[in-house]
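Down below is the structure, laid out as structure tokens.
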Amino acid sequence: MAHDSRFPGALSNGTGMRLAVTAAPDAGPKAPILFRGDLADCVADARAVGYEGIEVHVPNIWEFDAASFGSACAAEGMAVSALVSGQLNVRMGLSLCHEDGEKVRLAIDGLKRFVDAAATLRTGVVVGWVRGQVGADPAGKLARQAEGMAEVDAYAGSKNVPLYIEAINRYELDSLNTAWEIVQFIDGHNLKNTYIHLDTFHMNIDEYSPAKAIREVGPLLGYFHIAENTRWYPGHDRLDFDSVFATLEAVGYDGFVSVECLPYPTGPEAARRAFEFLRYRYFYDKR
């Protein structure tokens, strides 16, 4: 692998894994965002539950005030676990493999602005939907994705900001759906500041075994999402979290584990129930 040190992309404070939760100024009723509205209020509400990190789905990176948001997080003693770039695609129609070269350039510029904001907040950037659909031209569009990622990767490296390519299931994106495919993509294109973001919901669809996927990613694991097989909050259904956390501990992962699940029965209630389940089973003081 091109990455030699152990989990260099995982944001750690030296105390092991920490729990984070999703937030956004606004989101659709079925979006896996649990805290919504004014971001400073989201930070305070998440901290009141007990979370140590907040994951922000930024609707418009060109209008995002990272410095003000950072001040709100500092006031609550909250870390920013990641900035998520998906709205570049979902709201603005941009992608790294778009047929329109101008939209590719805007996607790259948007990702660089995410990197700038992440540098201010001392966090990383999730790269998921903005990769785009490859459709009937997988070779050509994957090459275009790689070219765009290489440019953003170099820029992120200059800012000391890790990028996290998310393995999203095949029903949502049509490429780089598994951990091993992303390992090959990163190593094959020598992306030195890019890591892998795994999600239990997506792994439950496309991986033979989530534990196996975690092991084969190795030091490229930079970020982790958690939700049930139905995408409800952890503890609601049947996913084998014992195996997942045992493997994360066995490989020495020490980054954030972020709850990204459906806002059912409500977002704040799902956040509370997820925290109680995870804290009791996996995040209790083991000393």
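The model shown is predicted, which means the values in this text are computed figures rather than measured ones.
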**Audit row: T22, V259, side-chain contact (heavy atoms from CB on, under 4.5 Å) steps and yes/no** = CA-CA 6 Å; T22 52; V259 177; over 6 Å; no
Enter the distance from [X]:[atom1] to [Y]:[atom2] here, rounded to the nearest 0.5 Å.
X: L173; Y: H202; atom1: CG; atom2: NE2; value: 8.5 Å
X: D187; Y: L220; atom1: CG; atom2: CG; value: 6.0 Å
X: D116; Y: K159; atom1: CG; atom2: NZ; value: 4.5 Å
X: S209; Y: I214; atom1: OG; atom2: CD1; value: 8.0 Å
X: E172; Y: Q133; atom1: CD; atom2: CD; value: 9.5 Å
X: D174; Y: L142; atom1: CG; atom2: CG; value: 8.5 Å

Less than 4.5 Å apart, any side-chain heavy atom of [X] and any of [Y]?
X: T200; Y: N229; result: no
X: M149; Y: R131; result: no
X: P268; Y: D45; result: no
X: I168; Y: N177; result: no
X: P263; Y: R36; result: yes
X: N60; Y: Q87; result: no
X: Y195; Y: I165; result: no
X: V104; Y: L94; result: no

Are [X] and [Y] linked, directly or through other ILVMFWY residues, by side chains that come within less than 4.5 angstrom of each other?
X: V127; Y: I61; result: yes
X: V21; Y: L262; result: no
X: Y233; Y: L239; result: no
X: V217; Y: Y208; result: no
X: V90; Y: V130; result: no

**Prompt:** Should we count CD of E269 as having more than 12 external heavy atoms under 6.0 Å?
**Reply:** yes
**Asked** Within a reach of under 6.0 Å around CG of N160, are more than 12 heavy atoms found that belong to other residues, nucleotides or ligands?
**Response** no
**Prompt:** Centres of the Y253 and F245 rings: under 6.0 Å?
**Reply:** no
Closest heavy-atom contact between [X] and [Y]?
X: G124; Y: L11; answer: N-CD1, 3.7 Å
X: F185; Y: A146; answer: CZ-CA, 3.6 Å
X: A227; Y: C261; answer: CB-CB, 3.9 Å
X: L88; Y: A107; answer: CD1-O, 4.2 Å
X: P59; Y: M92; answer: O-CE, 3.6 Å
X: T123; Y: V161; answer: O-CG1, 3.5 Å

**Request:** Any pair with a residue in residues 198-212 that passes salt bridge (charged side-chain N to carboxylate O under 4.0 Å, His left out), sequence neighbours left out, goes on the list, sorted by first then second residue, please.
**Result:** R170-D206, K212-E216
**Request:** May I ask you to check whether T194 and D153 show a side-chain donor-acceptor distance below 3.5 Å?
**Result:** yes
**Prompt:** Do E55 and S258 have side-chain N/O donor and acceptor atoms under 3.5 Å apart?
**Reply:** yes
Indicate yes or no for a side-chain donor-acceptor contact from [X] to the backbone of [Y] under 3.5 Å, with no hydrogens or angles considered.
X: E260; Y: I33; value: no
X: R47; Y: Y51; value: yes
X: H98; Y: D100; value: yes
X: E181; Y: T178; value: yes

**Message:** For a salt bridge (Lys or Arg N to Asp or Glu O under 4.0 Å) check, start with the C-alpha distance between R18 and D254, then their side-chain angles and the critical distance, and finish with the verdict.
**Reply:** CA-CA 8 Å; R18 290 180 288 168; D254 62 354; over 6 Å; no
**Asked** Can you list the steps and then say if V84 with V58 is a side-chain contact (heavy atoms from CB on, under 4.5 Å)?
**Response** CA-CA 6 Å; V84 181; V58 180; over 6 Å; no
**Message:** Quick test of your reading of the model: are R281 and E276 salt-bridged, counting only N-O distances below 4.0 Å?
**Reply:** no
**Message:** Could you walk me through whether F114 and V126 satisfy the side-chain contact (heavy atoms from CB on, under 4.5 Å) test, starting with their C-alpha distance in whole Å, then the side-chain angles of each, then the deciding distance to 0.1 Å, before giving a yes or no?
**Reply:** CA-CA 9 Å; F114 266 97; V126 173; over 6 Å; no
**Request:** Run the numbers on F241 and Y282 for ring-ring contact (aromatic ring centres under 6.0 Å, His included), then give the verdict.
**Result:** CA-CA 9 Å; F241 292 115; Y282 309 113; 7.1 Å; no
**Asked** What pairs with R144 under salt bridge (Lys or Arg N to Asp or Glu O under 4.0 Å), at least two apart in sequence or on another chain?
**Response** none
**Request:** Would you please name every residue forming a ring pair (Phe, Tyr, Trp, His ring centres under 6.0 Å) with W232, sequence neighbours left out?
**Result:** H236, Y264
**Message:** Test question: given the 4.5 Å side-chain rule for I, L, V, M, F, W and Y, name all other residues clustered with Y171, or answer none.
**Reply:** F201, I205
Please set out all donor-acceptor pairs under 3.5 angstrom arising from side-chain atoms of residues 64-83, sequence neighbours excluded.
from: D65; atom 1: OD1; to: A67; atom 2: N; distance (Å): 3.4
from: D65; atom 1: OD1; to: S68; atom 2: N; distance (Å): 3.1
from: D65; atom 1: OD1; to: S68; atom 2: OG; distance (Å): 3.4
from: D65; atom 1: OD2; to: S68; atom 2: OG; distance (Å): 2.8
from: S71; atom 1: OG; to: A67; atom 2: O; distance (Å): 3.2
from: S81; atom 1: OG; to: I54; atom 2: O; distance (Å): 3.4
from: S81; atom 1: OG; to: Y223; atom 2: OH; distance (Å): 2.8

**Asked** Does the salt bridge (Lys or Arg N to Asp or Glu O under 4.0 Å) test come out yes or no for D109 and R113, once each step is laid out?
**Response** CA-CA 6 Å; D109 179 62; R113 288 176 180 261; 3.2 Å; yes
**Prompt:** Which residues satisfy the side chain to side chain donor-acceptor pair (under 3.5 Å) test with D237, sequence neighbours excluded?
**Reply:** T230
**Asked** Can you check side-chain contact (heavy atoms from CB on, under 4.5 Å) on I196 and Y164, steps first, answer last?
**Response** CA-CA 5 Å; I196 296 176; Y164 307 130; over 6 Å; no
